[in-house]
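To start, the structure under review is shown below, and the notes come after it.
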Amino acid sequence: MRRMGWKGFLFLLPALALIAVFSLWPVLQSLTYTFFDYRLNNQQKSGLYLSERFNADLFNETAFYVGMFLEEDLPSMTDGADVEEAKRLLADLQRIRGQYSEEKGVIRISKEQKEEIEQFYKAAKPKLEEWNRKYALKNGENLPLLLDDIKDSVIPSNFVGLDNYKKAFTDPRVGTAVWNTVLFTAVSVFFEFLFGLALALIMNKAFIGQGPVRTVSLIPWAIPTAVAALMWGYLYDGSFGVVAKIFEQVGLIQSSTDLLQSPGWAMAATIIADVWKTTPYMALLLLAGLQNISPSLYEAASIDGANKWQSFVRVTLPLLKPSILVALLFRTLDAFRVFDLIYVLTGGGPGGSTETLSVYAYKAMFGQTNFGYGSVVVMIMFACVAAIAVIFVKILGTNLMEKN
(Lines give C-alpha, C1' and ligand atoms only; values in the text may rest on other atoms or scores of the structure.)
Protein backbone atom coordinates (compact mmCIF):
# COMPACT_ATOMS: atom_id res chain seq x y z
CA MET A 1 0.00 0.00 0.00
CA ARG A 2 1.45 3.35 -1.03
CA ARG A 3 1.98 5.95 1.66
CA MET A 4 0.13 9.19 1.42
CA GLY A 5 2.35 12.00 0.15
CA TRP A 6 2.34 15.63 1.22
CA LYS A 7 -0.13 16.45 -1.54
CA GLY A 8 -2.59 13.98 -0.06
CA PHE A 9 -2.33 15.69 3.33
CA LEU A 10 -3.32 18.98 1.71
CA PHE A 11 -6.76 17.52 1.04
CA LEU A 12 -7.05 16.67 4.74
CA LEU A 13 -6.12 20.15 5.97
CA PRO A 14 -9.67 21.60 5.82
CA ALA A 15 -11.06 18.69 7.83
CA LEU A 16 -8.17 18.85 10.32
CA ALA A 17 -8.67 22.59 10.70
CA LEU A 18 -12.38 22.15 11.46
CA ILE A 19 -11.59 19.41 14.00
CA ALA A 20 -8.98 21.60 15.66
CA VAL A 21 -11.25 24.64 15.89
CA PHE A 22 -14.52 23.00 16.89
CA SER A 23 -13.31 19.92 18.81
CA LEU A 24 -9.76 20.22 20.13
CA TRP A 25 -9.78 23.92 21.01
CA PRO A 26 -12.87 23.76 23.29
CA VAL A 27 -11.39 20.74 25.07
CA LEU A 28 -8.04 22.48 25.60
CA GLN A 29 -9.80 25.63 26.75
CA SER A 30 -11.89 23.70 29.28
CA LEU A 31 -8.75 21.91 30.46
CA THR A 32 -7.06 25.29 31.01
CA TYR A 33 -9.98 26.57 33.08
CA THR A 34 -9.66 23.62 35.48
CA PHE A 35 -6.37 24.98 36.84
CA PHE A 36 -7.85 28.37 37.81
CA ASP A 37 -10.43 29.61 40.30
CA TYR A 38 -12.30 31.28 37.43
CA ARG A 39 -15.52 33.05 38.51
CA LEU A 40 -17.31 35.67 36.46
CA ASN A 41 -19.22 37.01 39.48
CA ASN A 42 -15.97 37.99 41.21
CA GLN A 43 -13.96 40.88 39.80
CA GLN A 44 -10.74 39.44 41.19
CA LYS A 45 -11.32 36.06 39.57
CA SER A 46 -12.98 36.98 36.29
CA GLY A 47 -9.88 36.18 34.26
CA LEU A 48 -7.03 33.68 34.10
CA TYR A 49 -4.17 35.24 36.06
CA LEU A 50 -0.91 33.37 36.58
CA SER A 51 0.54 36.42 38.35
CA GLU A 52 -0.86 39.48 40.11
CA ARG A 53 -2.75 42.04 38.06
CA PHE A 54 -4.27 45.47 38.60
CA ASN A 55 -7.80 46.51 37.63
CA ALA A 56 -7.18 50.08 36.50
CA ASP A 57 -10.84 50.78 35.66
CA LEU A 58 -12.03 49.74 39.11
CA PHE A 59 -9.28 51.70 40.85
CA ASN A 60 -9.84 54.93 38.87
CA GLU A 61 -13.60 54.87 39.36
CA THR A 62 -13.36 54.00 43.05
CA ALA A 63 -10.59 56.53 43.75
CA PHE A 64 -12.69 59.27 42.18
CA TYR A 65 -15.63 58.62 44.51
CA VAL A 66 -13.40 58.15 47.57
CA GLY A 67 -11.79 61.51 46.94
CA MET A 68 -15.13 63.23 46.30
CA PHE A 69 -16.83 61.78 49.39
CA LEU A 70 -13.85 62.52 51.62
CA GLU A 71 -13.81 66.16 50.50
CA GLU A 72 -17.54 66.39 51.26
CA ASP A 73 -16.90 65.11 54.80
CA LEU A 74 -14.04 67.49 55.58
CA PRO A 75 -16.38 70.23 56.94
CA SER A 76 -17.78 67.69 59.43
CA MET A 77 -14.36 67.23 61.07
CA THR A 78 -13.71 69.67 63.94
CA ASP A 79 -10.26 68.45 64.98
CA GLY A 80 -7.52 70.18 63.02
CA ALA A 81 -5.24 67.14 63.17
CA ASP A 82 -7.94 65.00 61.61
CA VAL A 83 -8.46 67.57 58.85
CA GLU A 84 -4.74 67.61 58.07
CA GLU A 85 -4.63 63.80 58.06
CA ALA A 86 -7.61 63.69 55.70
CA LYS A 87 -5.96 66.18 53.36
CA ARG A 88 -2.78 64.11 53.40
CA LEU A 89 -4.74 60.99 52.46
CA LEU A 90 -6.44 62.91 49.66
CA ALA A 91 -3.07 64.03 48.34
CA ASP A 92 -1.69 60.50 48.44
CA LEU A 93 -4.79 59.21 46.68
CA GLN A 94 -4.54 61.81 43.91
CA ARG A 95 -0.84 61.07 43.46
CA ILE A 96 -1.46 57.33 43.13
CA ARG A 97 -4.47 57.87 40.90
CA GLY A 98 -2.40 60.04 38.57
CA GLN A 99 -0.16 57.07 37.80
CA TYR A 100 -3.07 55.12 36.35
CA SER A 101 -5.32 57.84 34.92
CA GLU A 102 -4.49 56.77 31.36
CA GLU A 103 -4.62 53.03 31.99
CA LYS A 104 -7.57 50.85 30.98
CA GLY A 105 -8.67 47.34 31.87
CA VAL A 106 -6.53 44.81 33.72
CA ILE A 107 -2.80 45.57 33.60
CA ARG A 108 0.43 44.38 35.16
CA ILE A 109 1.94 46.32 38.06
CA SER A 110 5.26 46.09 39.84
CA LYS A 111 5.77 44.92 43.39
CA GLU A 112 6.48 48.49 44.48
CA GLN A 113 3.24 49.79 42.94
CA LYS A 114 1.26 47.05 44.66
CA GLU A 115 2.85 47.85 48.03
CA GLU A 116 2.07 51.54 47.56
CA ILE A 117 -1.65 50.83 47.07
CA GLU A 118 -1.73 48.41 50.00
CA GLN A 119 0.03 50.90 52.28
CA PHE A 120 -2.52 53.57 51.39
CA TYR A 121 -5.34 51.15 52.22
CA LYS A 122 -3.74 50.18 55.55
CA ALA A 123 -3.30 53.83 56.48
CA ALA A 124 -6.77 55.00 55.37
CA LYS A 125 -8.89 52.11 56.75
CA PRO A 126 -8.32 52.69 60.49
CA LYS A 127 -8.59 56.45 60.04
CA LEU A 128 -12.00 56.18 58.40
CA GLU A 129 -13.21 53.88 61.16
CA GLU A 130 -11.95 56.36 63.76
CA TRP A 131 -13.59 59.35 62.06
CA ASN A 132 -16.88 57.47 61.77
CA ARG A 133 -16.85 57.00 65.53
CA LYS A 134 -15.93 60.63 66.26
CA TYR A 135 -18.03 62.46 63.68
CA ALA A 136 -21.36 62.13 61.92
CA LEU A 137 -19.90 61.88 58.43
CA LYS A 138 -22.25 62.25 55.50
CA ASN A 139 -20.61 59.39 53.61
CA GLY A 140 -19.52 57.39 56.63
CA GLU A 141 -21.22 54.19 55.47
CA ASN A 142 -20.04 54.29 51.86
CA LEU A 143 -16.40 55.29 52.31
CA PRO A 144 -15.20 52.04 53.99
CA LEU A 145 -16.89 49.98 51.27
CA LEU A 146 -15.31 52.05 48.53
CA LEU A 147 -11.95 51.75 50.23
CA ASP A 148 -12.28 47.97 50.11
CA ASP A 149 -12.78 48.24 46.34
CA ILE A 150 -9.44 50.06 46.13
CA LYS A 151 -7.83 47.10 47.85
CA ASP A 152 -9.69 44.69 45.54
CA SER A 153 -8.34 46.48 42.49
CA VAL A 154 -5.12 44.55 43.12
CA ILE A 155 -5.95 41.14 41.65
CA PRO A 156 -4.05 38.17 43.08
CA SER A 157 -3.23 35.14 40.96
CA ASN A 158 -6.17 32.73 40.77
CA PHE A 159 -4.06 29.79 39.59
CA VAL A 160 -4.93 26.89 41.89
CA GLY A 161 -3.26 23.98 40.13
CA LEU A 162 -4.95 20.67 40.96
CA ASP A 163 -7.05 22.04 43.84
CA ASN A 164 -10.23 21.97 41.74
CA TYR A 165 -9.64 18.30 40.96
CA LYS A 166 -9.04 17.51 44.65
CA LYS A 167 -12.28 19.28 45.50
CA ALA A 168 -14.20 17.40 42.80
CA PHE A 169 -12.94 13.98 43.90
CA THR A 170 -14.12 14.67 47.45
CA ASP A 171 -17.37 16.38 46.43
CA PRO A 172 -20.32 14.09 47.27
CA ARG A 173 -22.42 15.93 44.70
CA VAL A 174 -20.01 14.86 41.95
CA GLY A 175 -20.23 11.26 43.16
CA THR A 176 -24.01 11.42 43.08
CA ALA A 177 -23.95 12.94 39.59
CA VAL A 178 -21.63 10.17 38.34
CA TRP A 179 -23.90 7.48 39.79
CA ASN A 180 -27.02 9.10 38.32
CA THR A 181 -25.32 9.37 34.92
CA VAL A 182 -24.16 5.74 34.92
CA LEU A 183 -27.56 4.51 36.10
CA PHE A 184 -29.44 6.53 33.49
CA THR A 185 -27.06 5.43 30.72
CA ALA A 186 -27.01 1.73 31.57
CA VAL A 187 -30.75 1.28 32.06
CA SER A 188 -31.88 3.45 29.15
CA VAL A 189 -29.42 1.98 26.63
CA PHE A 190 -30.30 -1.58 27.75
CA PHE A 191 -34.02 -1.13 27.11
CA GLU A 192 -33.42 0.90 23.95
CA PHE A 193 -31.32 -1.94 22.57
CA LEU A 194 -33.96 -4.58 23.38
CA PHE A 195 -36.88 -2.58 21.99
CA GLY A 196 -34.79 -1.24 19.10
CA LEU A 197 -33.71 -4.73 18.05
CA ALA A 198 -37.31 -5.98 18.19
CA LEU A 199 -38.50 -2.99 16.18
CA ALA A 200 -35.70 -3.45 13.63
CA LEU A 201 -36.59 -7.13 13.16
CA ILE A 202 -40.23 -6.17 12.58
CA MET A 203 -39.38 -3.42 10.08
CA ASN A 204 -37.00 -5.77 8.25
CA LYS A 205 -39.85 -8.11 7.34
CA ALA A 206 -41.79 -7.61 4.13
CA PHE A 207 -45.41 -6.77 4.87
CA ILE A 208 -48.14 -4.48 3.58
CA GLY A 209 -47.66 -0.90 4.78
CA GLN A 210 -43.98 -1.37 5.56
CA GLY A 211 -43.08 2.17 4.44
CA PRO A 212 -45.68 4.01 6.59
CA VAL A 213 -44.76 1.85 9.60
CA ARG A 214 -41.10 2.78 9.27
CA THR A 215 -42.00 6.45 8.89
CA VAL A 216 -44.32 6.53 11.90
CA SER A 217 -41.82 4.66 14.08
CA LEU A 218 -39.26 7.44 13.54
CA ILE A 219 -41.55 10.25 14.73
CA PRO A 220 -40.45 10.12 18.42
CA TRP A 221 -36.81 10.42 17.38
CA ALA A 222 -37.59 13.34 15.05
CA ILE A 223 -39.21 15.38 17.85
CA PRO A 224 -36.73 17.83 19.46
CA THR A 225 -35.63 16.61 22.88
CA ALA A 226 -36.77 19.76 24.70
CA VAL A 227 -40.23 19.46 23.11
CA ALA A 228 -40.41 15.77 24.02
CA ALA A 229 -39.41 16.60 27.61
CA LEU A 230 -42.18 19.21 27.86
CA MET A 231 -44.68 16.72 26.45
CA TRP A 232 -43.69 14.05 28.96
CA GLY A 233 -43.77 16.69 31.69
CA TYR A 234 -47.48 17.18 30.98
CA LEU A 235 -48.03 13.41 30.97
CA TYR A 236 -46.24 13.10 34.32
CA ASP A 237 -47.98 16.07 35.92
CA GLY A 238 -49.52 15.14 39.25
CA SER A 239 -52.69 17.17 38.65
CA PHE A 240 -53.77 16.18 35.14
CA GLY A 241 -51.03 13.91 33.75
CA VAL A 242 -52.39 10.79 32.06
CA VAL A 243 -49.33 8.63 32.74
CA ALA A 244 -49.17 9.70 36.38
CA LYS A 245 -52.86 8.86 36.81
CA ILE A 246 -52.42 5.42 35.19
CA PHE A 247 -49.47 4.63 37.46
CA GLU A 248 -51.58 5.59 40.47
CA GLN A 249 -54.53 3.45 39.39
CA VAL A 250 -52.44 0.33 38.79
CA GLY A 251 -50.77 0.77 42.18
CA LEU A 252 -47.23 1.61 41.08
CA ILE A 253 -47.32 4.86 43.05
CA GLN A 254 -49.47 5.95 45.97
CA SER A 255 -50.26 9.37 44.55
CA SER A 256 -49.93 10.82 41.06
CA THR A 257 -47.84 13.65 42.51
CA ASP A 258 -45.17 11.14 43.58
CA LEU A 259 -44.03 10.45 40.04
CA LEU A 260 -41.74 13.46 39.69
CA GLN A 261 -41.42 14.25 43.39
CA SER A 262 -39.88 11.00 44.63
CA PRO A 263 -36.20 10.28 43.81
CA GLY A 264 -36.64 6.76 42.44
CA TRP A 265 -39.66 7.45 40.28
CA ALA A 266 -38.21 10.72 38.98
CA MET A 267 -35.22 8.81 37.56
CA ALA A 268 -37.55 6.14 36.17
CA ALA A 269 -39.67 8.83 34.53
CA THR A 270 -36.66 10.33 32.74
CA ILE A 271 -35.54 6.87 31.57
CA ILE A 272 -39.01 6.08 30.18
CA ALA A 273 -39.06 9.36 28.26
CA ASP A 274 -35.56 8.74 26.87
CA VAL A 275 -36.36 5.15 25.85
CA TRP A 276 -39.51 6.32 24.06
CA LYS A 277 -37.63 9.00 22.15
CA THR A 278 -34.42 7.22 21.14
CA THR A 279 -35.52 3.62 20.59
CA PRO A 280 -36.34 4.44 16.91
CA TYR A 281 -32.77 5.71 16.46
CA MET A 282 -31.39 2.44 17.80
CA ALA A 283 -33.79 0.52 15.56
CA LEU A 284 -32.68 2.52 12.52
CA LEU A 285 -29.00 1.68 13.10
CA LEU A 286 -29.76 -2.00 13.63
CA LEU A 287 -32.07 -2.11 10.62
CA ALA A 288 -29.19 -0.92 8.44
CA GLY A 289 -27.17 -3.90 9.67
CA LEU A 290 -30.02 -6.33 9.06
CA GLN A 291 -30.37 -5.12 5.48
CA ASN A 292 -26.77 -6.20 4.80
CA ILE A 293 -27.37 -9.83 5.82
CA SER A 294 -27.95 -11.99 2.75
CA PRO A 295 -31.23 -14.00 2.75
CA SER A 296 -29.27 -16.96 1.35
CA LEU A 297 -27.63 -17.42 4.76
CA TYR A 298 -31.01 -17.98 6.36
CA GLU A 299 -31.94 -20.43 3.57
CA ALA A 300 -28.74 -22.38 4.20
CA ALA A 301 -29.41 -22.45 7.94
CA SER A 302 -32.95 -23.66 7.30
CA ILE A 303 -31.69 -26.45 5.05
CA ASP A 304 -29.28 -27.50 7.83
CA GLY A 305 -32.26 -27.83 10.18
CA ALA A 306 -31.94 -24.61 12.17
CA ASN A 307 -35.13 -23.17 13.64
CA LYS A 308 -35.94 -19.46 13.94
CA TRP A 309 -34.21 -19.02 17.28
CA GLN A 310 -31.08 -20.87 16.15
CA SER A 311 -30.93 -18.78 12.97
CA PHE A 312 -31.23 -15.63 15.08
CA VAL A 313 -28.47 -16.69 17.50
CA ARG A 314 -26.09 -18.31 14.97
CA VAL A 315 -26.63 -16.07 11.92
CA THR A 316 -28.28 -12.77 12.78
CA LEU A 317 -26.42 -11.80 15.96
CA PRO A 318 -22.87 -12.62 14.76
CA LEU A 319 -23.35 -10.76 11.48
CA LEU A 320 -25.10 -7.91 13.27
CA LYS A 321 -22.24 -7.49 15.74
CA PRO A 322 -20.61 -4.47 13.98
CA SER A 323 -23.97 -2.68 13.76
CA ILE A 324 -24.71 -3.49 17.40
CA LEU A 325 -21.35 -2.00 18.39
CA VAL A 326 -22.01 1.18 16.46
CA ALA A 327 -25.54 1.51 17.84
CA LEU A 328 -24.50 0.86 21.44
CA LEU A 329 -21.49 3.12 21.16
CA PHE A 330 -23.44 6.06 19.74
CA ARG A 331 -26.33 5.67 22.17
CA THR A 332 -24.10 5.16 25.22
CA LEU A 333 -22.05 8.25 24.45
CA ASP A 334 -25.20 10.25 23.78
CA ALA A 335 -26.96 9.01 26.93
CA PHE A 336 -23.91 9.69 29.10
CA ARG A 337 -23.96 13.32 27.94
CA VAL A 338 -27.71 13.75 28.50
CA PHE A 339 -28.68 17.29 29.42
CA ASP A 340 -31.74 18.79 27.77
CA LEU A 341 -34.17 15.97 28.62
CA ILE A 342 -33.36 16.00 32.34
CA TYR A 343 -32.92 19.77 32.57
CA VAL A 344 -36.36 20.43 31.08
CA LEU A 345 -38.17 17.51 32.73
CA THR A 346 -36.82 17.55 36.30
CA GLY A 347 -34.06 20.16 36.46
CA GLY A 348 -31.93 17.56 38.26
CA GLY A 349 -34.39 17.18 41.14
CA PRO A 350 -35.87 16.23 43.42
CA GLY A 351 -32.92 16.71 45.75
CA GLY A 352 -30.38 16.02 43.02
CA SER A 353 -31.72 12.51 42.40
CA THR A 354 -31.68 13.02 38.61
CA GLU A 355 -28.75 15.43 38.43
CA THR A 356 -26.24 14.09 35.89
CA LEU A 357 -22.70 15.32 35.23
CA SER A 358 -23.78 17.58 32.39
CA VAL A 359 -26.58 19.14 34.46
CA TYR A 360 -24.24 19.70 37.42
CA ALA A 361 -21.60 21.21 35.13
CA TYR A 362 -24.20 23.58 33.69
CA LYS A 363 -25.34 24.67 37.14
CA ALA A 364 -21.76 25.25 38.29
CA MET A 365 -20.68 27.13 35.17
CA PHE A 366 -23.76 29.16 34.29
CA GLY A 367 -25.80 29.12 37.50
CA GLN A 368 -22.90 29.92 39.83
CA THR A 369 -20.60 31.34 37.07
CA ASN A 370 -17.85 29.12 38.49
CA PHE A 371 -16.16 28.15 35.25
CA GLY A 372 -13.08 26.71 36.92
CA TYR A 373 -14.86 24.06 38.97
CA GLY A 374 -17.52 23.51 36.31
CA SER A 375 -14.79 22.73 33.78
CA VAL A 376 -13.45 20.04 36.10
CA VAL A 377 -16.86 18.34 36.04
CA VAL A 378 -16.81 18.63 32.24
CA MET A 379 -13.35 17.04 32.07
CA ILE A 380 -14.50 14.18 34.32
CA MET A 381 -17.36 13.58 31.90
CA PHE A 382 -14.92 13.81 28.95
CA ALA A 383 -12.66 11.19 30.56
CA CYS A 384 -15.63 8.87 31.15
CA VAL A 385 -16.81 9.25 27.56
CA ALA A 386 -13.31 8.49 26.25
CA ALA A 387 -13.10 5.41 28.47
CA ILE A 388 -16.48 4.21 27.24
CA ALA A 389 -15.36 4.54 23.62
CA VAL A 390 -12.15 2.57 24.30
CA ILE A 391 -14.05 -0.17 26.14
CA PHE A 392 -16.57 -0.62 23.34
CA VAL A 393 -13.93 -0.79 20.62
CA LYS A 394 -11.36 -2.90 22.47
CA ILE A 395 -13.35 -5.19 24.76
CA LEU A 396 -15.99 -6.19 22.21
CA GLY A 397 -13.20 -6.97 19.78
CA THR A 398 -14.85 -5.60 16.66
CA ASN A 399 -12.64 -3.91 14.11
CA LEU A 400 -14.76 -1.25 12.45
CA MET A 401 -12.14 -0.68 9.78
CA GLU A 402 -12.45 -4.19 8.36
CA LYS A 403 -14.63 -4.57 5.30
CA ASN A 404 -14.78 -8.36 5.37
Side-chain angles (χ1 to χ4, degrees), residues 184-237 240-247 259 268-299 301-302 308-309 311-313 315-346 358 392 396 398 400 403:
F184 175 87
T185 302
V187 177
S188 62
V189 172
F190 173 76
F191 283 106
E192 287 164 11
F193 172 70
L194 290 182
F195 297 149
L197 181 59
L199 183 60
L201 291 172
I202 293 173
M203 292 191 297
N204 192 46
K205 298 296 182 180
F207 57 90
I208 300 176
Q210 184 186 57
V213 169
R214 290 182 178 181
T215 302
V216 172
S217 64
L218 293 177
I219 290 178
W221 179 55
I223 297 175
T225 306
V227 176
L230 288 173
M231 182 184 70
W232 279 97
Y234 287 118
L235 296 175
Y236 290 148
D237 189 271
F240 50 80
V242 176
V243 175
K245 194 65 176 178
I246 293 175
F247 280 15
L259 190 54
T270 59
I271 291 174
I272 292 172
D274 187 69
V275 170
W276 174 84
K277 176 172 174 27
T278 53
T279 292
Y281 175 69
M282 181 76 76
L284 186 65
L285 296 177
L286 296 178
L287 178 61
L290 290 174
Q291 295 287 313
N292 291 324
I293 300 177
S294 174
S296 61
L297 297 176
Y298 294 106
E299 295 176 2
S302 177
K308 294 293 184 181
W309 174 251
S311 296
F312 175 74
V313 174
V315 178
T316 304
L317 285 182
L319 295 178
L320 198 59
K321 187 179 179 182
S323 298
I324 292 175
L325 171 62
V326 172
L328 290 178
L329 177 60
F330 284 2
R331 271 306 304 144
T332 302
L333 297 181
D334 193 35
F336 201 89
R337 297 178 291 107
V338 63
F339 171 76
D340 43 3
L341 176 68
I342 292 180
Y343 185 78
V344 175
L345 191 58
T346 65
S358 57
F392 267 99
L396 293 183
T398 300
L400 296 179
K403 293 183 179 180

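Quantities reported herein were computed from a predicted structural model and do not represent experimental measurements. Residue numbers start at 1 and run along the sequence shown.
Paired with Y281 under the rule ring-ring contact (aromatic ring centres under 6.0 Å, His included), one option of W221, W276, F330 passes, and it is W221.
For the atom pair F184 CZ and I271 CD1, the distance stands at 6.5 Å (nearest 0.5 Å). Atom OG of S323 and atom CD1 of I293 lie 7.5 Å apart (nearest 0.5 Å). Annotation: the span from K321 atom NZ to L328 atom CG amounts to 12.0 Å, rounded to 0.5 Å. Rounding to the nearest 0.5 Å gives a distance of 6.5 Å between CG of L218 and CE of M203. Distance check: L199 CG to E192 CD gives 12.5 Å after rounding to the nearest 0.5 Å. Interatomic distance, CZ of F240 versus CG of L235, reported as 9.5 Å (0.5 Å rounding).
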Problem set entry | Worked check of side-chain contact (heavy atoms from CB on, under 4.5 Å) between L320 and L197 | CA-CA 10 Å; L320 198 59; L197 181 59; 3.8 Å; yes
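Not counting sequence neighbours, D340 has no partner by the salt bridge (charged side-chain N to carboxylate O under 4.0 Å, His left out) test.
Summarising the geometry of F392 relative to L325, their closest heavy-atom pair is O-CD1, 3.3 Å, with the distance given to 0.1 Å. In terms of heavy atoms, A327 sits closest to M282 at CB-SD, 3.3 Å. Residues T279 and V275 approach most closely at OG1-O, 2.5 Å, considering heavy atoms. In terms of heavy atoms, D237 sits closest to A244 at O-CB, 3.6 Å. W232 approaches L345 most closely through the heavy-atom pair C-CD1, 4.0 Å. Between A269 and Y236 the shortest heavy-atom distance is O-OH, 2.9 Å.
Remark: side-chain polar atoms of T225 are not paired, donor with acceptor, to backbone N or O of L341 under 3.5 angstrom. Between the side chain of N292 and the main chain of A288, a donor-acceptor pair closer than 3.5 Å is present.
Two residues are said to be in side-chain contact when any heavy atoms from C-beta on lie closer than 4.5 Å; V227 and L230 fail this criterion. Proximity of N204 to L286: side-chain heavy atoms (C-beta onward) are nowhere separated by under 4.5 Å. Looking only at side-chain heavy atoms (C-beta outward), D274 and R331 come within less than 4.5 Å of each other.
Within 6.0 Å of atom OH in Y234, 12 or fewer heavy atoms from other residues, nucleotides or ligands are found, so the atom counts as exposed in its surroundings. Other residues, nucleotides and ligands contribute at most 12 non-hydrogen atoms within 6.0 Å of the CZ atom of F191. Counting heavy atoms of neighbouring residues, nucleotides and ligands inside a 6.0 Å radius, atom OH of Y343 does not exceed 12 of them.
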